[in-house]
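For reference, the structure is listed below as structure tokens.
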2 protein chains.
Amino acid sequence: MPNVTRATKPAPGLPPCLPPFLPFTDRPERGGAAIPGRPSRHLRGSEIYAEGSAIRQLYRVVSGAVRVCRMLPDGRRFIAQFALPGEVFGLDGVEEHRFSAEAVTEAVLIAFARRDLEACLDREPLAAQSWQAYTLEKLAAAQDRFILLGCRSATERVAHFLLDLAARARPGREGLALPMSRYDMADYLGLTAETVSRTLTLLRKAGMIAIEDNHRLHLLDTGRLMQAAEPGRAAA
Amino acid sequence: MPNVTRATKPAPGLPPCLPPFLPFTDRPERGGAAIPGRPSRHLRGSEIYAEGSAIRQLYRVVSGAVRVCRMLPDGRRFIAQFALPGEVFGLDGVEEHRFSAEAVTEAVLIAFARRDLEACLDREPLAAQSWQAYTLEKLAAAQDRFILLGCRSATERVAHFLLDLAARARPGREGLALPMSRYDMADYLGLTAETVSRTLTLLRKAGMIAIEDNHRLHLLDTGRLMQAAEPGRAAA
DNA sequence: GGCTCCCGCTGATCCGCGTCAGGGCGCGCC
DNA sequence: GGCGCGCCCTGACGCGGATCAGCGGGAGCC
């Protein structure tokens, strides 16, 4: 794949506006400057970077999905983030990666050099502002996340996760894609795979979702799902 | 930045290097520019800012302690952060506060205008770099936090909390100050006050801590405490 | 085809922590 | 002093989710 900075020819599956933007913005409509990117392809399950390695690049997902995770000393695994098409990952520490990243499915990424980003931030005041807003948003999301993990039931967590995925999904095929396994979902939500499975069955029996197959489902009643995700809040 | 290294007149109770620093750095040794600050005093339990209000200032704690929290729709409360002397809080959203802040004890703060910070970041490349590292660190801390909340037992959470407090405490009086109530600790750790109380008793009976009174205790065996905080990890 | 392996689902059991209840202590107020 | 209230501790009990176990289906490989 030739370089992507001039978006004369958009990569397959990406909106034409994407490549010349700041690599960190998940939402390209915000604007930004050109940073050269290098595409790469990763097999399902392969490691993209290791915990403890130096942070030299960040990545935007073109297709596929990526999990950012850490093995805990007791052998458990915790997933900090799923990166979906259009989203960015890789800045999970100051100097060194504090997590590892692995391809959940076969994935195509675009890698950006960190120093190019930093040079761009120094050069472009607008980019720096955008960066600032981006990090604040990420922090806010992290805070919401630990409210979820701190005091929510299994049903609330799973419902919340599905709604979140649906909100982030690119408009595309009918239904909601779940690229990751039940184990991945469990390690992301602080549950076990058994509980995730049981909860999905529960939501299905309650008529809120329909399960097409292991990696695709349909949200039938988002109103009740939202209520399941946050009891005490009015449904939209 | 005629700057930080020369600190002419320290505020009472603060290390001499503190006031003229970038307000956001928890660690002033990192350097930064002078931003004017305005001191204020808050009674125990009083609100410093409300959820949903515009973010116009950020705050550094001079003395006392502050909790940054949110009421959940189901009536529960969640505490996102305790700010101790020398630490900074108030940037908990992009435009609006997504949490409220309350004084845990009587507290003296220094407030900084957000626009002064932003002007400083635009003006001083060094300050902007420092800001960037600061936000990345905060993000990293948030990620560690949701690992803690996602898959840790009550004992691990409490032990971790005590060690964290000890690491952040200013060298001062003998023993470890716990300015907050058991309820505050519970809402921070995603537990109940009963469980916090029971767990402290457990650690005391195991000889890892000694409880002087409700708001002060002593860490007797940090090695075993660390092991209790992260099983499977060698004690230091 | 037949085997193995991984993944997902479901049932039975266990246990940690939430919940409920009661009692003690310190502090402020009448 | 006496009282009420907030905070803390402790015990009894129940529930939700982890754990353990078993089963079925699909993919890859021989």
Side-chain angles (χ1 to χ4, degrees), chain A residues 43-45 65 67 72 74-78 102 104-106 148-162 177-206 209-217 228 231, chain B residues 43-45 65 67 72 74-79 102 104-106 148-159 161 177-205 209-217 228 231:
Chain A
L43 293 181
R44 171 191 159 91
R67 60 175 174 253
L72 303 181
D74 59 6
R76 299 184 57 168
R77 187 183 62 159
F78 191 82
E102 300 162 4
V104 170
T105 62
E106 176 163 326
L148 184 81
L149 291 173
C151 48
R152 297 303 203 183
S153 73
T155 310
E156 292 168 289
R157 294 180 200 209
V158 172
H160 197 97
F161 178 69
L162 295 181
L178 294 177
M180 67 294 290
S181 74
R182 302 290 186 263
Y183 290 91
D184 287 335
M185 292 175 55
D187 290 344
Y188 179 76
L189 295 173
L191 299 170
T192 60
E194 291 94 328
T195 300
V196 170
S197 187
R198 268 187 263 268
T199 306
L200 286 176
T201 304
L202 214 78
L203 295 177
R204 176 175 58 76
K205 286 185 179 165
I209 63 174
I211 299 181
E212 188 175 319
D213 66 41
N214 284 341
H215 293 289
R216 180 163 297 272
L217 50 76
Chain B
L43 293 181
R44 170 191 160 91
R67 60 175 173 252
L72 304 181
D74 60 5
R76 298 183 59 169
R77 186 183 63 159
F78 190 83
I79 295 181
E102 301 163 3
V104 169
T105 61
E106 175 163 328
L148 185 79
L149 291 174
C151 49
R152 297 303 205 186
S153 72
T155 310
E156 293 168 289
R157 295 181 200 209
V158 172
F161 178 70
L178 294 178
M180 68 292 291
S181 75
R182 300 290 186 263
Y183 290 91
D184 287 334
M185 291 175 56
D187 290 343
Y188 179 76
L189 295 174
L191 299 170
T192 59
E194 291 93 329
T195 299
V196 170
S197 188
R198 269 188 263 268
T199 306
L200 286 175
T201 304
L202 213 77
L203 295 177
R204 176 174 58 77
K205 285 183 178 166
I209 63 174
I211 299 180
E212 187 175 320
D213 65 45
N214 284 341
H215 293 287
R216 179 163 297 273
L217 50 76

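Lettering follows sequence order; numbering is per chain, from 1.
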Taking the minimum atom-to-atom distance to the side chain of [X], which one of [options] wins?
X        : options               : result
A/Ser181 : C/dG8, D/dA18, D/dC8  : C/dG8
B/Glu194 : C/dG8, D/dT19, C/dT19 : C/dT19
B/Arg182 : C/dG8, D/dT19, D/dC9  : D/dC9

What is the separation between atom [atom1] on [X] and atom [atom2] on [N], rounded to the nearest whole Å?
X        : N      : atom1 : atom2 : answer
A/Asn214 : C/dC9  : CG    : P     : 5 Å
B/Leu203 : D/dT10 : CG    : C1'   : 16 Å
B/Glu212 : D/dC8  : CD    : C1'   : 17 Å
B/Tyr183 : D/dC5  : OH    : P     : 15 Å
B/Arg152 : C/dG16 : CZ    : P     : 16 Å
B/Arg44  : D/dC5  : CZ    : P     : 17 Å
B/Ile211 : D/dC7  : CD1   : P     : 18 Å
B/Asp184 : D/dG6  : CG    : P     : 15 Å

| Would you say the side chain of A/Arg198 and the base of C/dG11 hold a donor-acceptor pair, judged only by whether the two atoms sit under 3.5 Å apart? |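 When only heavy-atom distances are counted, A/Arg198 does reach the base of C/dG11 through a donor-acceptor pair under 3.5 Å.
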| query | For DNA chain D, whose closest nucleotide is more 5', that of A/Val196 or that of B/Ser197? | reply |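 The residue closer to the strand's 5' end, by nearest nucleotide, is B/Ser197.
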| task | For B/Lys205 and for A/Ser153, find the nucleotide of DNA chain D with the closest heavy atom, then tell me which residue's nucleotide is more 5'. | result |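 Comparing both residues, the 5'-ward one is B/Lys205.
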Donor-acceptor pair, side chain of [X] and main chain of [Y], under 3.5 angstrom:
X        : Y        : value
B/Arg182 : B/Asn214 : yes
A/Ser197 : A/Ala193 : no
B/Arg157 : B/Tyr188 : no

| What are the two closest heavy atoms between B/Val104 and B/Arg44, and how far apart are they? |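 What the structure gives for the nearest pair is O-CG, 3.6 Å.
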| message | At 4.0 Å (heavy atoms only), tell me whether B/Gly45 reaches a base, stays on the sugar-phosphate, or touches nothing. | response |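 If one applies the 4.0 Å heavy-atom cut-off, B/Gly45 turns out to touch nothing in the nucleic acid.
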| said: Taking any heavy-atom pair under 4.0 Å as a contact, classify B/Leu191: base, sugar-phosphate, or nothing. | reply: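 Sugar-phosphate contact only.
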| message | Test salt bridge (Lys or Arg N to Asp or Glu O under 4.0 Å) on A/Arg77 and A/Asp184; report intermediate values, then the result. | response | CA-CA 9 Å; A/Arg77 187 183 62 159; A/Asp184 287 335; 2.7 Å; yes
| Think B/Thr201 has a side-chain N or O under 4.0 angstrom from the OP1 or OP2 of D/dC9? |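 No, B/Thr201 has no side-chain N/O under 4.0 Å of OP1/OP2 on D/dC9.
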| task | Verify the contact: side-chain N or O of B/Thr195 to OP1 or OP2 of C/dG18, cut-off strictly under 4.0 Å; return yes or no. | result |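 Yes, such a contact exists.
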